[in-house]
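In what follows, chains carry the letters A, B, and so on, assigned in the order in which the sequence lines appear, proteins first and then strands, with residues in each chain numbered from 1. This one's a predicted model, so the numbers in the text were calculated from it and none came from an experiment.
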Protein chains: 2
Amino acid sequence: MADDIDKGAPTLNQVAQQIRHYGLDADPQSVLVAVRLVAAGVMLGQAAEVHFARFGLSTGRYRLLADLEDSAGEKSPSRLAASLGVSRATVTGLVDGLERDGLVIRRPSAEDGRSAAVVLTARGATTLRELAPEHFGRLEAMVGELSADERATFLDLLGRIVRGTSALAE
Amino acid sequence: MADDIDKGAPTLNQVAQQIRHYGLDADPQSVLVAVRLVAAGVMLGQAAEVHFARFGLSTGRYRLLADLEDSAGEKSPSRLAASLGVSRATVTGLVDGLERDGLVIRRPSAEDGRSAAVVLTARGATTLRELAPEHFGRLEAMVGELSADERATFLDLLGRIVRGTSALAE
DNA sequence: CCCATGTAGTTAGCCGCCTAATTATGTATT
DNA sequence: AATACATAATTAGGCGGCTAACTACATGGG
């Protein structure tokens, strides 16, 4: 797997050919930007998965642990689902795995009988702390090719694409 | 789901706070760029999934069909796996679904007894053709906020990030 | 010629994501 | 107080990714 860097990232010519094939009039460069962006996201996502696997985690599990730590080590599944942007069912599955590995525990809520709390264990906090230097180092290195100005430009352009996309998602 | 645009995309302050929390010296802006890029990729990926679902497809199935059409409507599972950048097992699963829906058929190879061919059916080709205008239209609209110059700049910066990342994946 | 090794495809089983349905609890209305 | 509605969490089942193991076939070296 991960055979090729260009996994699924076509060239301008390939895109132009496809557009022509369907007799459309889309702008190849625009389409290329969109396709490359999606491909880059997939690629980085997989790289992150490999990275987290070295610590027995996954991106989803890491995000849950980090969110928990930002919330004083304790949060309800519903609120986790909301802040992570995933369904409650997904949180149930993630917590199942994390609890099995001893990184979090479940505790019923005292105030609300329907609710529960997911609590970060000492081991969970330790795992996060061990992970952090490499994690942030990798993220930083990822964009190390760019100058501060270029990073600012990239953030601006990316933000505008994202806003355009979500406006279009209706 | 897809509750929020900013699903999992933190602010500069949040990133800086996390870095401080672990006593690291990473550059928050760099980290922010990386995190936002991954989040954008996830978001666009999910938007694409919703789009394809309207045609009874998924991103993976669409990519397989499109790849097939680019190859004269016929290709072996192994070669599909290689060009799509997924495992052979994944191709087996995708073809199972597409065959069930009548969009492709499997045919054993005459030359090589181990091999097989996945063949695009008329219905598969029709589905692709019906999908194309909306598909490319959406991709184009996604980056519609940007001028041609800005798109070129974005492609350059994105390419450099991707190259930096894959160099780092070791 | 046979056997070892390699390659093609599938299967089994795990993970993370989803939706829909279920169960339990809280809240509000009458 | 009872009934209706809303919310919290889980469960069941599907999809698409993966790895590892298995089967079937091909091929090259002794």
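- The distance from atom CG of A:L84 to atom C1' of C:dC17 is 13 Å, rounded to the nearest whole Å.
- Between the side chain of B:R88 and the base of C:dG9, a donor-acceptor pair under 3.5 Å is found.
- Using a 4.0 Å cut-off between charged side-chain N and carboxylate O, B:D67 and B:R63 make no salt bridge.
- The nucleotide whose nearest atom lies closest to any side-chain atom of A:V86 is, among D:dC18, D:dA24, C:dC18, C:dC18.
- Residue A:R61 contributes atom CZ, which lies 7 Å from atom P of C:dC15 at whole-angstrom precision.
- Using a distance-only test at 3.5 Å, with no hydrogens or angles considered, a donor-acceptor pair links the side chain of A:T121 to the main chain of A:G102.
- Contact check on A:R163 versus B:E145 returns no salt bridge, with no Lys/Arg side-chain nitrogen under 4.0 Å from an Asp/Glu carboxylate oxygen.
- In this entry the distance linking CD of A:E111 with P of C:dG26 reads 11 Å, nearest Å.
- When each of B:E49 and B:D112 is assigned the nucleotide of DNA chain D with its nearest heavy atom, B:E49 is the one assigned upstream, toward the 5' end.
- Among C:dT7, C:dG9, C:dC18, the nucleotide with an atom closest to any side-chain atom of B:S115 is C:dG9.
- Contact annotation: A:S87 reaches the phosphate of C:dC18 (side-chain N/O to OP1 or OP2, under 4.0 Å).
- A salt bridge does not link B:R20 to B:D25: none of the charged side-chain nitrogens sits closer than 4.0 Å to a carboxylate oxygen.
- Within the structure, every side-chain polar atom (N or O) of A:T92 is placed at least 4.0 Å from both OP1 and OP2 of D:dA9.
- Distances from the side chain of A:S78 to the nucleotides D:dC18, D:dA8, C:dT10 place D:dA8 closest.
- A:R129 places a side-chain heavy atom less than 4.5 Å from the side chain of B:Y22.
- Taking the side chain of A:R114 as heavy atoms from C-beta on, and the options C:dG16, C:dA12, C:dT25, the nearest nucleotide is C:dT25.
- Out of D:dT10, C:dT19, D:dA20, the shortest distance to the side chain of B:A89 is found at D:dA20.
- For A:Q46 and C:dG16, the CD to P distance is 15 Å, given to the nearest whole Å.
- The side chain of B:S58 places no N or O atom within less than 4.0 Å of a non-bridging phosphate oxygen (OP1 or OP2) of D:dC15.
- When the C1' atom of C:dC17 is taken as reference, atom CG of A:L80 falls 16 Å away, rounded to whole Å.
- The side chain of B:R100 approaches D:dC15 more closely than any other nucleotide in the set C:dC18, D:dC15, C:dT11.
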